[in-house]
Amino acid sequence: MLDPQLLRDNLAAVAQKLADRGYQLDVAAWQKLEQQRKALQVETESLQSQRTKISKTIGQAKAKGEEVQPLLDQVSEIGEQLESSKTALQQVFADMEQVTLYTPNLAQDDVPVGQDEADNVEIRTWGEIPKFDFAVKDHVDLGAMSGFLDAEAAAQIAGSRFTVLSQDLARLQRALTQFMLDTHINSHGYHEYYVPYLVNDQAMLGSGQLPKFADDAFITEDGRFLIPTAEVPLTNLVANSILEVEDLPIKMTAHTPCFRREAGSYGKDTKGMIRQHQFDKVEMVQVVHPDQSDQALEEMTGHAENILKALKLPYRVIVLCTGDMGFSASKTYDIEVWVPAQNTYREISSCSNCMDFQARRMQARFRTPETKKPQLLHTLNGSGLAVGRTLLAVMENYQNADGGIRVPEVLQPYMGGKKVINQVSSL
RNA sequence: GGAGAGAUGGCAGAGCGGUUGAAUGCACUGGUCUUGAAAACCAGCGUACGUUAAUAGCGUACCCAGGGUUCGAAUCCCUGUCUCUCCGCCA
């Protein structure tokens, strides 16, 4: 949610920034609502003030045993006016809320202006793109050779966009997860969390998934949502709270499955593990002092990169242009890993600074030592990393000519010392 | 799932439907006293919104949430959420 004060004072500038990211704010309609709000609020509050005053004199008059009927007549007239004024005001507030809840965050000034992913800007690359002296296979074929990755079995029990992993590949995915968590805990200063995989609508609203993107999430019969990312439960841990400045920064990590409808992505990435309804992710969330969020974004992006560096997977970092950023983000770095079979980089992490956008929705604040007043925090989130996509990147980048997959050195301790996953099926 | 109890300011804890934004204690902040500290005493101490040049005044709202009754609700009624206790079930 944007700062209402900003909308009031700098409407034209806000509308321009929103237009940069492809969102058209109806300026005239908003101005009209704002005018109505002002008139109705002043009227309502003054009527309320009058009513309270008279009601108090009624109490006093009664106590003295005086006649109160004239006062009752007077107040009932005010009551009627108040009722209609109040109703009208509530409607205006509701209309305004509809606008603000559906309006995305403003991009930071250094975010490149652009329409879509074609306008994203590469910041840096890391690692050598591997050269193979044989025809590379994609992870689906590699998985099929071993029998440890089975899309058909998954389709039978769940449908498309699900995967069944078994034996060494299931273990390799677990190894990746453990390695990521351990790195964030031991080297990057995060605390590990275990969180609910189902959340209520309030949490989804707080982090910005609702109301606009309700179709992207799975909803349960009792009105809860399967988390599309651990960002939702983790970030909402600070909802409706006033923290002390000593508590900052808060750095949280959690491994959870993520559930996404992938509505509107028909025909995209239908093969393999790139785009699934269910995938595992290790998430990083930071809650920081507003002065620190820019720096925190750089650090958090580095934390995600460190995982790829340790796995020796080539990647590049891009900054998303205004048109390609997510709803709640003010600036986003995507990390893309090299996928040999596609001969391109694919997104494996997305790190965003949401500034006070989520904090305002969640009422997440801290007490400033200077003024002792509550002030909105800044929130950031980043994947560190998407486990399923990391698994397929390892499979493809570490493949041998015979279909075997070398286990990255840092994962070997998590694999019982195993160095190669062979294609021998024993299912 | 069944039965009961509860939800008030940072914490604890009062509160007959009427000058209650809310007693009292603790904590916290400032001051007096003191060589210093403690103690004691004095004062202050919620949040949001509106109005405004204003972080000054003034106004409004907020005692879990949402409705309702009333001239007037922290106080009465309804619904929901959550917590606790007991029973049942259970990884």
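Worth knowing before you read on, the calculation uses all heavy atoms, side chains too, and leaves out hydrogens, waters and symmetry mates. Residue numbering restarts at 1 for every chain, and letters A, B, ... go by the order of the sequence lines. Everything numeric in this text was worked out from a predicted model, so none of it was measured.
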So, using side-chain contact (heavy atoms from CB on, under 4.5 Å) as the criterion, who are the partners of A:Arg224 when residues are at least two apart? A:Leu198, A:Thr220, A:Asp222

List in numerical order all residues of residues 41-51 of chain A for which some heavy atom is under 4.0 Å away from an atom belonging to RNA chain B. A:Gln41, A:Glu45, A:Gln48, A:Ser49, A:Arg51

Taking the nucleotide of RNA chain B with the closest heavy atom to each, which residue, A:Gln5 or A:Lys373, is nearer the 5' end? A:Lys373

With C1' as the reference atom in both, quote the distance from B:rG21 to B:rA5 in angstrom, rounded to an integer. 28 Å

Quick one: on RNA chain B, does A:Arg8 or A:Ile58 contact a more 5' nucleotide (nearest heavy atom)? A:Arg8

Just so I know, are the side chains of A:Glu298 and A:Tyr333 near enough to count as touching, which here means a heavy-atom distance under 4.5 Å? yes

If you measure from the P atom in B:rU60 to the same atom in B:rU70, how many Å do you get, rounded? 23 Å

Sub-4.5 Å side-chain heavy-atom contact between A:Met252 and A:Ile250: yes

Test: side-chain hydrogen bond (donor to acceptor under 3.5 Å, both in side chains). Region: residues 192-208 of chain A. Which pairs qualify, not counting sequence neighbours? A:Ser207-A:Gln209

Listed by chain and number, what are the side-chain contact (heavy atoms from CB on, under 4.5 Å) partners of A:Ala364, not counting sequence neighbours? A:Val238, A:Ala359, A:Met362, A:Leu377

Of all the base pairs, Watson-Crick or G-U under 3.5 Å, which form stems of three or more consecutive pairs involving RNA chain B? B:1-7 with B:81-87, B:10-12 with B:24-26, B:28-32 with B:40-44, B:46-51 with B:57-62, B:64-68 with B:76-80

Can you give each donor-acceptor pair under 3.5 Å made by side-chain atoms of residues 391-399 of chain A, sequence neighbours left out, with the distance rounded to 0.1 Å?
{"residue": "A:Glu396", "atom": "OE1", "partner": "A:Ala341", "partner atom": "N", "Å": "3.0"}
{"residue": "A:Glu396", "atom": "OE2", "partner": "A:His139", "partner atom": "N", "Å": "2.8"}
{"residue": "A:Glu396", "atom": "OE2", "partner": "A:His139", "partner atom": "ND1", "Å": "2.9"}
{"residue": "A:Asn397", "atom": "ND2", "partner": "A:Trp338", "partner atom": "O", "Å": "2.9"}
{"residue": "A:Asn397", "atom": "ND2", "partner": "A:Ala393", "partner atom": "O", "Å": "2.8"}
{"residue": "A:Tyr398", "atom": "OH", "partner": "A:Leu311", "partner atom": "O", "Å": "2.5"}
{"residue": "A:Gln399", "atom": "OE1", "partner": "A:Lys137", "partner atom": "N", "Å": "2.9"}
{"residue": "A:Gln399", "atom": "NE2", "partner": "A:Lys137", "partner atom": "O", "Å": "2.9"}
{"residue": "A:Gln399", "atom": "NE2", "partner": "A:Glu396", "partner atom": "O", "Å": "2.9"}

Got A:Phe148 and A:Leu165 here, is their nearest side-chain heavy-atom distance under 4.5 Å? no

Is A:Leu72 touching bases, backbone alone, or none of the nucleic acid, heavy atoms closer than 4.0 Å? base

For the side chain of A:Thr322 and the backbone of A:Gly114, is there at least one donor-acceptor N/O pair under 3.5 Å apart? yes

Go through the structure and list residues passing side-chain contact (heavy atoms from CB on, under 4.5 Å) with A:Glu299, not counting sequence neighbours. A:Gln295, A:His303

Out of curiosity, A:Leu25 CG to A:Lys17 NZ, how far, rounded to the nearest 0.5 Å? 14.5 Å

Return the set of residues passing side-chain contact (heavy atoms from CB on, under 4.5 Å) with A:Ser328 (not counting sequence neighbours), or none when no residue passes. A:Cys354, A:Phe357, A:Gln358

Specify the residues of residues 87-106 of chain A, ordered by number, for which at least one heavy atom lies under 4.0 angstrom from an atom of RNA chain B. none

Among pairs that include at least one residue of residues 234-251 of chain A, which meet side-chain hydrogen bond (donor to acceptor under 3.5 Å, both in side chains), considering only residues two or more places apart or in two chains? none

Would you classify A:Pro4 as touching base, sugar-phosphate or nothing, given that sugar-phosphate means primed atoms plus P, OP1 and OP2, and contacts are heavy atoms under 4.0 Å? nothing

Quote, to the nearest angstrom, the C1' distance that separates B:rC45 from B:rG10. 11 Å

In whole Å, what separates the P atom of B:rU83 from that of B:rC89? 23 Å

Could you pull out all residues at least two apart from A:Asp334 that satisfy side chain to side chain donor-acceptor pair (under 3.5 Å)? A:Ser350

Opening and closing nucleotides of RNA chain B in contact with chain A, under 4.0 Å to non-hydrogen atoms: B:rG18 to B:rG72

